**Student:** 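Supplied in structure tokens, the structure appears directly below.
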2 protein chains.
Amino acid sequence: MASSSGLHAARARGGNARQLVHELLRARIVGLELPPGAPLSENELAAELGVSRTPVRESLILLAEEGLVDVYPQLGTFVSRIRERDIASAQFVREALESAALRDSVERTDERDLLELRALLAAQADAERRADPETFFRLDEEFHARLMAAGGHPEAWSFVQHAKAHLDRARRLSLPLEHQLALLIRQHTDVVDAVERRDAAGADAALRGHLRQVFADVETVRTQHPELFADEDAPPRPRRGQRKRPTAG
Amino acid sequence: MASSSGLHAARARGGNARQLVHELLRARIVGLELPPGAPLSENELAAELGVSRTPVRESLILLAEEGLVDVYPQLGTFVSRIRERDIASAQFVREALESAALRDSVERTDERDLLELRALLAAQADAERRADPETFFRLDEEFHARLMAAGGHPEAWSFVQHAKAHLDRARRLSLPLEHQLALLIRQHTDVVDAVERRDAAGADAALRGHLRQVFADVETVRTQHPELFADEDAPPRPRRGQRKRPTAG
DNA sequence: TGACGTCGGCTACCATACAAGTACGTCAGA
DNA sequence: TCTGACGTACTTGTATGGTAGCCGACGTCA
């Protein structure tokens, strides 16, 4: 009910039901609140969110396009398991785009951009002191987006975001590791420092090192949580998970 | 009726109505059969294609996500005009991804990849001799996709394709220029030659030159067909075009 | 005991009905 | 002639009904 009224309120304020449901489900999936393999029923979601099946269905179609859910007609919709290829592809796309944008950042960045980036770094350090990975996650996203904007390519961020969703799902589990946040902030700082020095090669090296660090974290998570990943290449049968039937009998 | 029964037949063979409508509309938009600014009525399309509003609507949502149509609630859906920013963003994304993939191609490409690429070049030359820009367009797409696959990044092609749609809409008008096809083929050949020589810098330069040539063509089209482009940044009112009312009265 | 056929319940897909809102033609009035 | 209000016809957004198909459990038969 809380979700329902909350959505209703948001709907009165802002956008349409589809966008809200889409953002909500996306956040739940990327935040692993809806883990890979979880079944998503149009009916259940519609009932839970207090809307009809239509906006839910349209949201699921968009999520399917992003690769975050798999739709099996007449069978069900499931949060997609993390696939080796998706991860590799996402990493490639992200590195290519952010690196290319950074090249332009080194030339174009002005004082104002640097101030904003520094402010984000300070906020990240604050989140690290408070041991607040959720806030850090948000600030991390904002940092990378801001960096691309500084290079004059704010629109391209949506492509990175698209790819990043797959990485983030896995990465989120590795973030709480206490040493991680400080390390990532250090790497962020290195990038900004190099940009400020107008050191293109240094900035590129720092960024790629950072992104590959993230990539490595994913591999760590993989060994710790193999159930989130797809074992084989193409599991034709999603092996419908146990529906809600809590050992009743 | 032809469209309707054709879709019905395809539907019996293959995918669902949504995918078919999506692909059809996308092809019409990128091929300028549906020019920028054209109104798209869910009802009209549904009637024409012999399906209900639902799959049409879902297709339009996907096209809106790609930036190919603009949806104004309670007002109408229109083929998006070509925007300066979309073009620039698309060019940036494409260049970054294809260039990064090419870097890997130079290291990974084997004899088989080269043979396929050479075969595509030959087919392109054939299309040029027959003055068949449509076929060339398809082969061009296949060439670039194959090039990325040779670098080990076939999945990333979908990102390029996403961005490319905006460029293609404008570019299509420039292709029939008689000298163009030969020039593009020459540039393609230069890229493959450099890859075969394992000349990373040369390949990168050739590819970027090629992609920027394409970008320049867009500017040429812009001066010749300004009506396809969005004059201002954000036209809040789409100025609904005259509905079908052929001077009747 | 094990294999096979049937049936119930679930799914997504599609079609249709209703609601909310905008643009534009028409018409009354100054 | 010009201006402004109103009604109609259109739009997308949302809700709901109906259909085909798949899964899994149950009952039947060998």
Side-chain angles (χ1 to χ4, degrees), chain A residues 4 7-8 10-12 14-22 25 37-65 69-80 235-245 248-249, chain B residues 4 7-8 10-12 14-22 25 37-65 69-79 235-245 247-249:
Chain A
S4 167
L7 187 140
H8 189 71
R11 196 168 148 189
N16 53 20
R18 176 178 73 247
Q19 290 177 345
L20 291 166
V21 173
H22 178 49
L25 289 180
L40 295 175
S41 163
E42 290 179 5
N43 280 315
E44 282 185 19
L45 287 171
E48 178 197 350
L49 301 178
V51 297
S52 79
R53 280 159 33 218
T54 302
V56 172
R57 171 178 168 75
E58 290 171 350
S59 297
L60 291 178
I61 291 172
L62 288 173
L63 291 169
E65 198 70 9
V69 308
D70 294 328
V71 179
Y72 299 87
Q74 276 69 38
L75 209 163
T77 301
F78 304 84
V79 178
S80 66
R237 290 300 158 72
R239 278 291 156 218
R240 158 189 312 216
Q242 274 37 285
R243 275 250 171 264
K244 333 188 146 166
R245 186 72 74 87
Chain B
S4 168
L7 187 140
H8 189 71
R11 196 168 150 189
N16 53 22
R18 177 178 71 247
Q19 289 178 344
L20 291 166
V21 173
H22 178 51
L25 290 179
L40 295 175
S41 163
E42 292 179 2
N43 281 315
E44 281 186 20
L45 288 171
E48 178 196 350
L49 301 178
V51 297
S52 79
R53 267 184 62 206
T54 303
V56 171
R57 172 178 171 75
E58 290 168 350
S59 298
L60 291 177
I61 290 172
L62 289 173
L63 291 170
E65 199 70 9
V69 308
D70 295 328
V71 178
Y72 299 87
Q74 276 70 38
L75 210 162
T77 301
F78 304 84
V79 178
R237 290 298 158 73
R239 278 292 155 214
R240 157 191 312 216
Q242 274 38 285
R243 273 249 170 268
K244 340 188 139 164
R245 186 72 73 88
T247 71

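Chain letters run A, B, ... following the sequence lines, proteins first, then strands; residues in each count from 1. The structure presented is a predicted model; accordingly, all values stated were derived computationally and were not measured.
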**Student:** Measure the distance from CG on B:Leu49 to C1' on C:dA15 and round it to the nearest whole Å.
**Tutor:** 15 Å
**Student:** Tell me the interatomic distance from B:Gln19, atom CD, to C:dA12, atom C1', rounded to whole angstroms.
**Tutor:** 13 Å
**Student:** Whole Å only: how far is the CZ atom of B:Arg53 from the P atom of C:dC13?
**Tutor:** 18 Å
**Student:** Check the distance between D:dT11's C1' and B:Leu45's CG and give it to me in whole angstrom.
**Tutor:** 13 Å
**Student:** Roughly how many Å is it from CZ in A:Arg57 to P in D:dG13, rounded to a whole number?
**Tutor:** 16 Å
**Student:** Where the side chain of B:Pro73 is concerned, which of D:dT12, D:dA15, C:dT16 is the nearest nucleotide?
**Tutor:** D:dT12
**Student:** From the list D:dC22, D:dT14, C:dT11, which nucleotide is the closest neighbour of the side chain of A:Ser41?
**Tutor:** C:dT11
**Student:** Rounded to whole Å, please give me the gap between CD in B:Glu58 and C1' in C:dA15.
**Tutor:** 11 Å
**Student:** For the pair made of CD1 in B:Ile61 and C1' in C:dC13, what is the distance, rounded to whole Å?
**Tutor:** 15 Å
**Student:** Which atoms form the tightest heavy-atom contact between B:Pro73 and B:Val71, and what is the distance?
**Tutor:** CD-O, 3.6 Å
**Student:** Closest approach to the side chain of B:Pro55, judged atom by atom: which nucleotide of C:dC14, C:dC13, D:dT14 is it?
**Tutor:** C:dC14
**Student:** Please name the residue in the list A:Leu40, A:Val69, A:Asp70 that meets the side-chain contact (heavy atoms from CB on, under 4.5 Å) test with A:Leu63.
**Tutor:** A:Val69
**Student:** Could you check A:Ser52 against B:Asn43 and say which one's nearest nucleotide on DNA chain D is further toward the 5' end?
**Tutor:** B:Asn43
**Student:** To the nearest 0.5 angstrom, please state how far the CG atom of B:Leu45 sits from the CG atom of B:Leu60.
**Tutor:** 6.5 Å
**Student:** Whole-Å distance between C:dA12 P and A:Leu63 CG?
**Tutor:** 13 Å
**Student:** So if I take every side-chain heavy atom of A:Val71 and compare against D:dG13, C:dA12, C:dC14, which nucleotide ends up nearest?
**Tutor:** C:dA12
**Student:** Taking N and O atoms by type only, does the side chain of A:Gln74 place a donor or acceptor under 3.5 Å from a partner on the base of C:dT11?
**Tutor:** no
**Student:** How far apart are the closest heavy atoms of B:Val51 and B:Ala17, and which atoms are they?
**Tutor:** CG1-CB, 4.5 Å
**Student:** Kindly determine whether A:Leu62 and B:Leu62 satisfy side chain to side chain contact (heavy atoms under 4.5 Å, CB included), including the steps that lead there.
**Tutor:** CA-CA 7 Å; A:Leu62 288 173; B:Leu62 289 173; 4.0 Å; yes
**Student:** Which nucleotide in the list D:dC22, D:dT12, C:dC14 gets nearest to the side chain of A:Leu75?
**Tutor:** D:dC22
**Student:** When you measure from the side-chain N and O atoms of B:Thr54 to the phosphate of C:dC14, is any distance below 4.0 Å, counting only OP1 and OP2?
**Tutor:** no
